[in-house]
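Model, not experiment: these values are computed from the prediction. Note that ligands are numbered from 1 as they come in the structure, with each ligand's atoms numbered from 1 the same way.
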Amino acid sequence: MAFLLRAARWGLCPWRGYCSRVTKGALSEDFVAALKAVVGAPHISTTAAVREQHGRDESMYSCQPPDVVVWPQNVGQVGQLVALCYRQGVPILPFGTGTGLEGGVCAVQGGVCINLTHMDRIVKVNTEDFSVVVEPGVTHRALNTYLRDSGLWFPVDPGADASLCGMAATGASGTNAVRYGTMRDNVLNLDVVLPSGELLHTAGPGRHFRKSAAGYNLTGLFVGSEGTLGLITAATLRLHPVPEATVAATCAFPSVQAAVDSTVHILQAAVPVARIEFLDDVMMDACNRYSKLDYVVAPTLFLEFHGSEQTLEEQLQRAEEITKHNGASHFSWAKEAEQRSRLWAARHNAWYAAMALRPGCKGYSTDVCVPISRLPEIVVQTKEDLKASGLTGTIVGHVGDGNFHCILLVDPKDPEELHRVKAFAQQLGRHALALHGTCTGEHGIGLGKRQLLQEEVGAVGVEVMRRLKATLDPRGLMNPGKVL
Ligand SMILES: Cc1cc2nc3c(=O)[nH]c(=O)nc-3n(C[C@H](O)[C@H](O)[C@H](O)COP(=O)(O)OP(=O)(O)OC[C@H]3O[C@@H](n4cnc5c(N)ncnc54)[C@H](O)[C@@H]3O)c2cc1C
Ligand SMILES: *[C@@H]1O[C@H](CO)[C@@H](O)[C@H](O)[C@H]1NC(C)=O
Ligand SMILES: *[C@@H]1O[C@H](CO)[C@@H](O)[C@H](O)[C@H]1NC(C)=O
């Protein structure tokens with residue numbers, strides 16, 4: 001049984017018309033032996049527990065595991081693995097740290113999971129050029145620990161300690177994006193092993209310029225491609241100078257509207273806020289319980305300002321004026337690192353605090369992003385819809401970008417509730433599209449938002465994506481069943 005793990009698979013078709021000709025994954029003993037010859041016996045596994053672990057991420061999707069997991073040690077091995085899989089028609093599944101929230105690593109058609117964490121070198125820091133080259137096993141926290149004494153840092157900070165290449169693959173962002181941008185703004189170059197086994201340097205080998213007008217932006221094509229076009233084996237990232245000083249602040253509001261209005265006003269006043277996060281009353285209550293804090297249970301903004309001592313004073317004053325004008329109370333601020341992290345503790349643990357509201361349940365996070373002017377109306381409406389739905393959920397958001405999450409708790413064994421959660425998420429996605437927004441600000445399309453992607457970019461847009469995919473991956477073997 002171990003030898004003919006998968007005979008022929010027909011599964012989902014990534015684009016119309018082609019798939020019936022592709023025979024997926026004949027994982028014969030010979031094939032597994034060939035993989036083993038590439039990575040070495042200690043770096044391959046077909047045991048059920050290991051496969052199981054690699055068949056899921058942090059999302060609510062319960063998926064099929066891959067047939068085999070391999071740990072390549074270098075880019076040469078990645079190229080050989082991909083070439084082998086391609087020849088045999090076996091799906092290839094890039095695996096970062098598995099913190100994704102959209103089922104991106106699920107092996108819907110089985111195949112070979114490539115766990116990239118052994119490739120974990122920080123290859124080169126170019127201090128004067130503000131850039132760094134990292135391999136896929138490096139996480140954003142590991143990079144910042146490494147940079148600690150350099151005066152530089154990498155600001156993109158999803159809540160989980162994700163791999164930087166996985167973050168590039170999903171187009172991730174986090175709390176600092178309002179000031180420093182998302183992965184889209186901070187990836188300068190990528191090394192990508194293509195389905196053909198060739199190595200592509202998206203901006204040319206070793207290049208790390210600030211600007212260029214040289215042809216199509218291939219780096220941009222691979223940011224957010226979710227493993228469907230190739231495997232990212234190195235990323236050149238933009239670094240930023242560590243700010244001279246930092247102040248954190250929180251304030252509570254009488255209503256959702258007042259909190260979100262304040263966000264819009266702060267941005268309109270051109271206060272260069274570094275972080276501005278919204279948590280609703282249910283989220284604050286959950287955070288108080290989980291992190292043993294005693295914040296006022298009300299819609300709340302968490303803010304952070306970066307700059308010189310002098311400019312911070314001004315920023316803080318301006319923000320306080322605006323929030324007070326909108327009815328804020330309990331404005332508290334902190335300057336010392338320890339105080340600041342205590343203030344931010346609630347926000348950092350928000351996902352786990354939400355999970356603790358219903359132990360044993362899974363979380364599903366919606367992820368819409370709208371033009372900032374439309375943010376107040378959609379957040380207020382979502383809050384009302386959430387109350388009316390009878391679902392348990394919290395709202396937390398990177399509101400400075402117009403991006404917010406409804407964290408919905410769902411019993412994965414209750415199909416009726418799962419259905420209601422999916423319907424709620426779909427409706428919210430459509431609402432955002434109606435306001436000229438997007439169905440995903442940062443988590444990606446994965447398995448569940450493929451229909452919304454079509455509605456978002458339209459028939460021509462999706463068709464161009466399909467053609468690009470077919471050009472790079474004619475047999476549809478790179479992370480099949482995702483995005484398209
Ligand atoms: C508590 C919590 C908080 C979070 N907060 C945020 C947040 O604030 N902002 C945000 O954007 N996200 C957030 N996330 C989601 C998640 O951390 C990001 O999506 C992250 O970018 C995933 O990285 P990963 O390495 O874990 O990728 P994985 O989950 O391993 O993979 C995600 C997708 O990328 C592909 N992939 C991974 N590595 C590569 C590679 N080297 N080459 C090609 N494809 C690859 C996979 O095939 C898959 O499709 C959060 C998740 C959790 C659990
Ligand atoms: C991927 O491999 C690393 C290194 O061996 C390991 O620590 C990690 O747990 C693996 N991922 C999963 C999901 O098992
Ligand atoms: C290309 O796209 C990447 C990723 O979105 C971006 O960081 C980079 O600045 C772009 N490059 C150019 C030359 O526009």
Side-chain angles (χ1 to χ4, degrees), residues 43 45 49-59 69 71 78 92-106 113-120 135-137 139-140 156-177 181-193 202-203 207 209-238 277 348-352 354-355 363 365 367 396 398 403 405 407 440-447 478-479 482-483:
H43 305 307
S45 175
V50 172
R51 294 193 293 116
E52 207 64 52
Q53 226 169 288
H54 288 84
R56 56 176 137 82
D57 56 12
E58 299 264 354
S59 70
V69 181
W71 285 262
V78 176
I92 301 155
L93 306 143
F95 198 103
T97 42
T99 68
L101 296 174
E102 288 298 336
V105 297
C106 291
C113 173
I114 304 192
N115 179 329
L116 290 154
T117 47
H118 285 178
M119 294 171 61
D120 63 353
E135 290 189 335
T139 65
H140 65 90
V156 186
D157 65 334
D161 194 18
S163 75
L164 290 154
C165 291
M167 287 161 59
T170 58
S173 46
T175 60
N176 291 306
T182 71
M183 285 310 273
R184 290 236 172 251
D185 309 289
N186 287 288
V187 179
L188 301 174
N189 200 347
L190 293 170
D191 289 3
V192 181
V193 171
T202 55
R207 298 191 198 286
F209 37 69
R210 271 199 81 83
K211 60 187 247 187
S212 158
Y216 303 138
N217 189 338
L218 298 180
T219 309
L221 177 61
F222 283 88
V223 174
S225 62
E226 302 185 40
T228 64
L229 299 178
L231 274 125
I232 300 170
T233 56
T236 307
L237 306 171
R238 175 173 290 164
E277 297 282 308
H348 286 312
N349 289 320
W351 173 260
Y352 301 101
M355 289 309 114
S365 174
D367 180 35
V396 52
H398 312 302
N403 181 204
H405 311 303
I407 304 177
T440 172
E442 52 180 25
H443 298 160
I445 298 294
L447 281 170
M478 279 307 308
N479 202 5
K482 316 298 159 53
V483 184

Q) Can you find an N/O atom of Asn217 closer than 3.5 Å to an N/O atom of ligand 3? A)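 N/O-N/O distance below 3.5 Å exists for this pair.
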(Q) Does ligand 3 come near enough to Arg238 that some N or O of the ligand is less than 3.5 Å from an N or O of the residue? (A)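 No, Arg238 has no N/O under 3.5 Å of an N/O on ligand 3.
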So, for [X] and [Y], which heavy atoms are closest and what is the spacing to 0.1 Å?
X	Y	answer
Thr233	Pro136	O-CD, 3.1 Å
Ala168	Leu190	CB-CD2, 4.3 Å
Trp71	His54	CZ2-CE1, 3.9 Å
Asp185	Arg238	O-NH1, 3.0 Å
Thr117	Gly96	CG2-O, 3.7 Å

Do [X] and [Y] come close enough that some side-chain heavy atom pair is under 4.5 Å?
X	Y	result
Ile407	Val396	yes
Asp367	Asn403	yes
Met183	Leu237	yes
Leu231	Leu116	yes
Ser225	Val483	no

Is it the case that ligand 1 has an N or O less than 3.5 angstrom from some N or O of [X]?
X	value
Gly100	yes
Ala160	no
Leu116	no
Thr99	yes
Trp351	no

**Item:** Selection residues 166-175 - residue pairs positive for side chain to side chain donor-acceptor pair (under 3.5 Å), sequence neighbours left out
**Value:**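 Non-adjacent pairs meeting side chain to side chain donor-acceptor pair (under 3.5 Å): Asp157-Thr175, Ser173-Glu442, Thr175-Arg275.
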Roughly how far apart are [X] [atom1] and [Y] [atom2], rounded to 0.5 Å?
X	Y	atom1	atom2	answer
Ser163	Glu135	OG	CD	12.0 Å
Ile232	Met167	CD1	CE	11.5 Å
Asn115	His43	CG	NE2	11.5 Å

Using a 4.0 Å cutoff against the non-hydrogen atoms of [X], which atoms of ligand 1 qualify?
X	value
His398	8 (O)
Gly98	26 (O), 28 (P), 29 (O), 30 (O)
Glu58	53 (C)
Ala169	34 (O), 35 (C), 36 (N), 44 (N), 45 (C)
Asn479	47 (O), 49 (O)
Cys165	41 (N)
Ala172	11 (O), 21 (O)
Ser173	7 (C), 8 (O), 9 (N), 10 (C), 11 (O)

Using heavy-atom distances only, which candidate in Pro94, Gly227, Gly446 approaches atom 46 (C) of ligand 1 most closely?
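Comparing heavy atoms across Pro94, Gly227, Gly446, the nearest one to atom 46 (C) of ligand 1 lies in Pro94.
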Pick from Thr170, Asp157, Leu93: the one approaching atom 33 (C) of ligand 1 most closely through a non-hydrogen atom:
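Among Thr170, Asp157, Leu93, the closest heavy atom to atom 33 (C) of ligand 1 belongs to Thr170.
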With backbone taken as N, CA, C and O and side chain as the heavy atoms from C-beta onward, which portion of Lys482 lies under 4.0 Å from ligand 1: side chain, backbone, both, or neither?
->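 The answer is neither.
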Inset, instruction - Could you tell me whether Glu102 approaches ligand 1 through its side chain, its backbone, both or neither, with non-hydrogen atoms closer than 4.0 Å? - result: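 No part of Glu102 is near ligand 1 at this cut-off.
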Close approach, [X] and ligand 1, non-hydrogen under 4.0 angstrom:
X	result
Leu101	yes
Met183	no
Glu226	yes
Gly230	yes
Phe222	no

Nearest non-hydrogen protein atom, [atom]:
atom	result
atom 24 (P) of ligand 1	Thr97 OG1, 3.3 Å
atom 25 (O) of ligand 1	Ser163 OG, 2.7 Å
atom 42 (N) of ligand 1	Ile232 N, 2.9 Å
atom 38 (N) of ligand 1	Gly166 CA, 3.5 Å
atom 31 (O) of ligand 1	Val105 CG1, 3.6 Å
atom 13 (C) of ligand 1	Pro158 CB, 3.6 Å
atom 4 (C) of ligand 1	Gly159 N, 3.5 Å
atom 23 (O) of ligand 1	Ala162 CB, 3.4 Å

* What's the verdict on side chain to side chain contact (heavy atoms under 4.5 Å, CB included) for Asp57 and Leu101, showing C-alpha distance, side-chain angles and the deciding distance? -> CA-CA 7 Å; Asp57 56 12; Leu101 296 174; over 6 Å; no
query = His443 vs His405 aromatic rings, parallel, tilted or perpendicular, using cut-offs 30° and 60°?
reply =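 Parallel.
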Discussion item. Against Phe222, only a single residue in Asp191, Leu229, Asn217, Thr228 fulfils side-chain contact (heavy atoms from CB on, under 4.5 Å); can you say which?
Written reply: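 Exactly one option meets the side-chain contact (heavy atoms from CB on, under 4.5 Å) with Phe222, and it is Leu229.
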*Min heavy-atom dist Val187 to ligand 3 below 4.0 Å*: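 Yes, Val187 has a heavy atom closer than 4.0 Å to ligand 3.
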What does the N/O contact table under 3.5 Å look like for ligand 2?
unit_1	atom_1	unit_2	atom_2	d
ligand 2	2 (O)	Trp71	NE1	2.8
ligand 2	2 (O)	Asn115	OD1	3.2
ligand 2	2 (O)	Asn115	ND2	2.4
ligand 2	2 (O)	Thr117	OG1	3.0
ligand 2	5 (O)	Trp71	NE1	3.4
ligand 2	5 (O)	His118	NE2	3.4
ligand 2	11 (N)	His54	NE2	3.2
ligand 2	11 (N)	Asn115	ND2	3.2
ligand 2	14 (O)	Gln53	NE2	2.6
ligand 2	14 (O)	His54	NE2	3.4

Show, in sequence, the C-alpha distance, side-chain angles and deciding distance for Thr440 and Ile445, and conclude whether the side chain to side chain contact (heavy atoms under 4.5 Å, CB included) test is met.
CA-CA 7 Å; Thr440 172; Ile445 298 294; 3.8 Å; yes
task: Spell out, as yes or no, whether a donor-acceptor pair under 3.5 Å connects the side chain of Glu58 to the backbone of Thr99.
output: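 No, Glu58 side chain to Thr99 backbone: no donor-acceptor pair under 3.5 Å.
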Exercise. Report yes or no: does Thr139 contribute a side-chain atom to a donor-acceptor pair with the main-chain N or O of Asp161 at less than 3.5 Å?
Key: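 No.
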